[in-house]
Every structure is written in structure tokens, then in C-alpha cells.
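Scroll down for the structure; my scribbles are underneath it.
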Amino acid sequence: MRATHFFLATLKEAPSDAEIISHKLMLRAGLIKRLAGGIYTWMPLGLRILRKVETIIREEMNRAGAIELLMPAVVPAELWQETSRWDMYGPELLRFKDRHQRDFVIGPTHEEVITDVARREIKSYRQLPLHLYQIQAKFRDEIRPRFGVMRGREFLMKDGYSFHASYEDLQREYQNMHLTYTRIFTRLGLSFRAVAADTGSIGGTGSHEFHVLADSGEDAIAFCPDSDYAANVELAEALAPVSLRAGHAEKMMKIATPGKIRCEDVAALLKAPVTRTVKAIAVMHDRQFFMLLIRGDHTLNEVKASKLPFLNPFRFASDEEVECHLGCRPGYIGPVGIRDGIPVIADRTVSQMSDFICGANEAGYHLTGVNWGRDLREPDYVFDIRNVVEGDPSPDGKGPLSICRGIEVGHIFQLRTKYSEAMKATFLDESGQSRAMEMGCYGIGVTRIVGAAIEQNHDERGIIFPHAIAPFEIAIAPVGYGKSQSVRDAANKLYAELKGAGLDVLIDDRDERPGAMFADLELIGIPHRVTIGERGLKEGTVEYQERREAVAIKVPIAEIGALVRERLGA
RNA sequence: CGGGGUGUAGCGCAGCCCGGUAGCGCGCCUGGUUUGGGACCAGGAUGUCGGAGGUUCGAAUCCUCUCACCCCGACCA
């Protein structure tokens, strides 16, 4: 591609609303333009990247035996009503009426549509298994779109759905996809990790997320450096402490702690470690008031808590409700002396504590030396309701956990028969029995991958694209293109040679000054560059530089074509 | 939705407190000089100051309403 025939739209300064580095760089490099909140135009340069990502996904999906189709983005409401998701999904489902006042949605995901396809087409176990996928624009009316393409409202997604005659076959395909995703993200050149995940609102049983590792990631991942255990912290189990509750050594005492509401402050005032304090959290399920207890330095895991059957769903109690049930405002509440009708749910860690510190249910006072059994009744329930922290024992018993952050770019689920039962997607098995199909579902955030790749690969000059998804693999930078016939000839000759070898090559024939030209080529992340100038040509050399390297190497003009082709495998 | 903030030229911003004919840098156009790391000189174009209403002789500036966007909390690829 000749730069003068292409459309580069770089910016020296990033628009001020861009928050994270990948968003800023995508805007500055002219990959995307914002049209509305969370909605972006993919400019020609950005589209080239997107297409390369798509191609890799498509190749690997096909190789794994999946078959591509394309479903409509606009879906009639009846399908969503069949599975009750019309009512369950909430406001991020974009709904509208057509001219006949019929309800439609813009699909945020396509379980209903694909299940409808399956139930119409599949009658016999002989037609199974079947895995269909598409790469399509989705729309989710996110509460808060942010980080550019990372959490857009409209985004490109690869979503695949598989149908099986047995759970065993679903598990086989699930493993197949686990492997396929690993291959895809490896080919994309990303540093990633597969982690055990919560199944969320889509429902079903087994589930893994694929995360690109990046400090700016929105998810926290707990992993064990000594084994292959990795899980979203939403899911990672906090094991019960191995040591049993120590005997009590202190008498319970009421201490004035005016103005000290946070556990850290109370601990500091009493010169005690925070790990001796207990935090009480008041929640409501319907009309029932509950008290949750976690150690002062821990945080509540709302996903775990909401999985407790008697709490599902729960919400945090208002100040008024807390006062009504405990006679005290939040900040000084605790489990001692409360009514019998208030169930106390203690985290595993809390249930093993002794001589602990908690609120006294009286403004400005805490209790110290509190002990289960002696000063208050044993907790009504003991569950794992906290987030794991760095250093907690790994659930697989192989050493302490570490925590890192990731960007979720892929997610695989075993849906089982949730949708096939709701939509009567059945088949006849070998014995002529009608059975619901086992289903799996497999998503990849195509647009998000571009953001994640940049988040992971950039420096102060701009983007450094992995070869596999770079908009161009190599750039030719002629210095003095307009003025020097010899530079022009050498550049065009190399361009023709590399193009002929099948490389994606950009020749910067804009006749820009060298500084501007280099800055642009570096900003947009082209991984290799050949610089051709009169100075070098006089001694018969050109310069070759990898985007990641600090310096260029001189190469005899006669050898540059071969060298590039060798480096880029063409 | 709750809390905080911002809307002035394509992008980044000043001006607003204290009303008086809208500015700076980058970019853009023309001409010239330049040409190995975002050049220089000269000339030029570009704004319903987010929108509506109000106060005032006069509003970017004060008041009211509205819209959009951004940031912090509940969602997900």
C-alpha cells in the first residue's frame, strides 16, 4: 500500500476523554473515531487489524470443526420471551418496535436464535454434534461504556454454539474449544491465561474465561504460581484456616472509639492488628435482615454471597433499616447482643477467630476480646463469602495464591440444556427417545482483542503490534522521496519486491519530513521498518529496524530484500 | 440510576470569579526557504462559545431549564 493512496489520520494530541493507554493510542493512531458513547467507526487502518484478528479466529474455528453462519442482529422479541430473558436481561438489552408496533431486540448474544435454528433443522442424533459460529456486531447498552473499544456498546464478537447428543460429547467439544482458544490467542501473539470462571447470567455449569494479562484489566485473577490453578477472584475459593480457633484469653470489654468507623482506624486506635477486627455488613433479602461477618482486612465477595440460596438476591441494607434492626447506625454494628431473628453469616475465617474486635451496636463504641460461644451465640451459618487475597492458600493445595489483573477476551461455557429445554430443541436418540440437546457456547471479543493487544504492547512512541495483527507488517520510509530520484527508485524497487513476496508493506511516499514520517510509523505500530536515504545509498546501504529495537542496523542495499523476507518468513 | 466534573475552531486549551465586538498552541490553505527525528518565514481560512429561555443598553461570562460527554460505584466479550 502506498501511503498517498491510503488514509492515515494521526493526531499529535489525544482527545482528553481517553483514559487508558490503548484508547489514547487508538485515537491518536487514527484506528477508531468515536461516533457516540461506546460506539466507534473503525477507520481503514484499524479495520485492517480487526480483519487480521477475525481471520485468525476464523481459521482456527474452521480447523476445529466449527461451521460459520451469520445470524441477524435484529431479533424478534418472541424468541427472547420463550427463554424468559426478555424479562431477565434488563436495560442493557436494546429493545425497539418496528412500524407495526412489534417488539424487537438488537441481539447482545444469540443463544435463542441459534437454538431456534437447531430445533428446526436437527431431528436425529445422527445430525449431532454440530458447532455453528458467527462473527458479528453485537449491541449491549452498557451502563457505563468506557476505555474506548474495551467496553463499547457496539462491538464485534465471535460467538459459537455447539449441540450434542450427550454430556460427554459436550465435554469433549469444551476441551476442543479450550485448546482452540489457546491456539488463537497464541497465534495473536498475546500473553494470556485461561481461568476458571463464574457462569454469570448466561447460566450453565462449567466455564472458563481467557484473559489477556494487563495491569489495566478490569478483572482480578487469582492464580497459583506453583501449579496451573487460576480463577477469577469472583470464583476463587478462600479455604478455611487450617488452625482451629484459639482459646479465649481476654475478657470482653467495651471501648470508646469515637469517629472510628473503618476497621483500620479502630485497629490503629487500639494498637491491634486489623486481622483482629471483624467487619459487619447488613444486607436484606426481601424483608429479611441478615448480618454478614468478614475479617476487617478482607472484602466481601458479592458473587459468592449472592449464591447462598437464602440470600439470592440480596441488597445492602439502608441506614434506616440498620438502625431499625440494630438500634445503631452503620459503622459501629456488630454481632454481639443482637436479636435472635437476625441470622448471622460468618466467613470461614471469622468463625475461627477469638478475642476479636467488633462494633458494639452503640455509636462510638467497639467491643474487644469478643469470643464465640462465650459472648455471643455461634454463627448461624459459616460460608466462604470473602475475596481471596494475595498469599491465601491455593484451593488445589499447591502453595500461596498470587493476584494479577486481566482483560477478558474469551469465555467458554457448558450451557447444558438450559436453552434447549426452554425452547424445546430436542432430537431422537438411538433408542428413539426424544431428548433435549446438550449445548455449549463460546465467545471471543474481537474488538476488545485489539485494545487488549495494545494495552500489552506499546511504548512511549506508540503501539507495537504483534506481527500477526499489525495493519502492515513492514514500512518503507524513504527520506527525501520527492527530491531524490535514487531514493525513489530504491524505495519503489524494494516495495515491488516485498509486495511480490506476499508481504503487507506500506511505503511512505508522502514526502513528509523524516521526523514526522518516523513518528507516524512508530505511532501506528508497524513492527518493521526499512529506511532509505541518499546518505546510505551513496555507500550502498539502507537501514533496517524492528519497532521494539532501539537502533537500526545497516544493510547492503542488495541484501535488504532477502533479509526482510527471511525475518518475516515470506 | 446515585455522586463528582466538563462542554469555546479538526485536536489540546485560555477567557467566565469581576458582563463591553472571541483568543493561544498544534493542525489546515497559499507562496517561499528547507529536508536523517514532529522545520522556518510571510500571508490566510475556520466558531450559531452544546441547546433553549431569562436578566441586562449589552451575555462565552450572571440565572433557570435541557442535552451531550467524562470520572467514581452495580454489568460483561
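Every chain is numbered from 1 and lettered A, B, ... according to where its sequence line falls, protein lines coming before strand lines. Bear in mind that the values here come from a model prediction, so they are computed numbers and not experimental data.
Ring pair A:Tyr442/A:His131: centre-to-centre distance below 6.0 Å. When ring centroids are compared, A:Phe210 and A:His178 come within the 6.0 Å threshold.
Atom CG in A:Asp17 sits roughly 8 Å away from atom P in B:C71 (whole-Å rounding). B:A77 atom P lies 15 Å from atom CD of A:Gln134, rounded to whole Å. Rounding to whole angstrom units, CD of residue A:Glu234 and C1' of B:C75 are separated by 10 Å. One interatomic measurement links the two molecules: CD1 of A:Ile143 to C1' of B:C70, which rounds to 17 Å at whole-angstrom precision. Rounding to whole angstrom units, CD1 of residue A:Ile281 and P of B:A74 are separated by 13 Å. We find that CD of A:Glu154 is positioned 14 Å from C1' of B:A77, with the value rounded to whole Å. In this structure, CD of A:Glu13 is placed 12 Å from P of B:A14, rounded to the nearest angstrom. As a whole-Å value, the separation of A:Arg34 CZ from B:C69 P is 6 Å.
Checked against A:Asp159 for a side-chain hydrogen bond (donor to acceptor under 3.5 Å, both in side chains), the options A:Lys138, A:Gln136, A:His411 give a single hit: A:Lys138.
When the P atom is used for both B:G50 and B:A14, the distance is 14 Å, rounded to whole Å. Remark: the separation of the C1' atoms in B:A9 and B:C24 is 12 Å, to the nearest Å. Here the separation of B:C49 from B:C67, taken at their C1' atoms, is 16 Å to the nearest Å. Taking the P atoms as reference points, B:C63 lies 15 Å from B:U55, given to the whole Å. Taking atom P in both B:C16 and B:U56, the straight-line distance is 24 Å, to the nearest Å. For the C1' atom pair drawn from B:U30 and B:A45, the interatomic distance equals 10 Å after rounding to whole Å. For B:U64 and B:C26, the C1' atoms lie 38 Å apart once the distance is rounded to whole Å. Nucleotides B:U21 and B:U61, compared at atom P, are 14 Å apart to the nearest Å.
Pairing for B:G23 is with B:C13, a Watson-Crick or G-U wobble pair whose two hydrogen-bonding atom distances lie under 3.5 Å. B:C76 is unpaired under the Watson-Crick or G-U wobble criterion, no partner having all donor-acceptor distances under 3.5 Å. Here B:G7 sits opposite B:C67 as a Watson-Crick or G-U wobble pair (both hydrogen-bonding atom distances under 3.5 Å). Searching all strands for a Watson-Crick or G-U wobble partner of B:C49 with both distances below 3.5 Å returns nothing. Remark: B:C28 base-pairs with B:G44. Criterion, Watson-Crick or G-U wobble with two distances under 3.5 Å.
Of the residues near RNA chain B, A:Val409 and A:Arg144, the one whose nearest nucleotide (by heavy atom distance) lies more toward the 5' end is A:Arg144. Between A:Glu302 and A:Leu156, it is A:Glu302 whose nearest contact on RNA chain B lies nearer the 5' terminus.
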Q) Just by protein heavy atoms under 4.0 Å, how would nucleotides 30-38 of chain B read 5' to 3' in B, S and -? A) ----B-BBB
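The closest side-chain heavy-atom distance from A:Lys307 to A:Glu302 is not below 4.5 Å. Residues A:Val389 and A:His298 form a side-chain contact, since some pair of their non-hydrogen atoms from C-beta on lies under 4.5 Å apart.
One cannot find a donor-acceptor pair under 3.5 Å joining the base of B:C71 and the side-chain atoms of A:Arg146. Counting distance only, with no hydrogens placed and no angle test, the side-chain atoms of A:Arg151 and the base atoms of B:C75 include a donor-acceptor pair under 3.5 Å.
If you check every strand for non-hydrogen atoms under 4.0 Å, A:Gly482 touches nothing. Within 4.0 Å of A:Gly38, counting heavy atoms only, lies no atom of the nucleic acid at all. At a threshold of 4.0 angstrom between heavy atoms, the contacts of A:Glu92 are confined to the sugar-phosphate backbone, with no base atom among them.
Taking the side chain to side chain donor-acceptor pair (under 3.5 Å) definition, one finds that A:Arg488 meets it with A:Gln485, sequence neighbours left out.
With A:Phe518 as the aromatic partner, A:Arg529 meets the cation-pi criteria of under 6.0 angstrom to the ring centre and within 45 degrees of the ring axis. Stacking of A:Arg48 on the aromatic ring of A:Phe472 is recorded, both the 6.0 Å distance cut-off and the 45° axial limit being met.
Between A:Phe96 and A:Phe104, the angle of the ring planes stays under 30°, which puts this pair in the parallel group of the 30/60° scheme.
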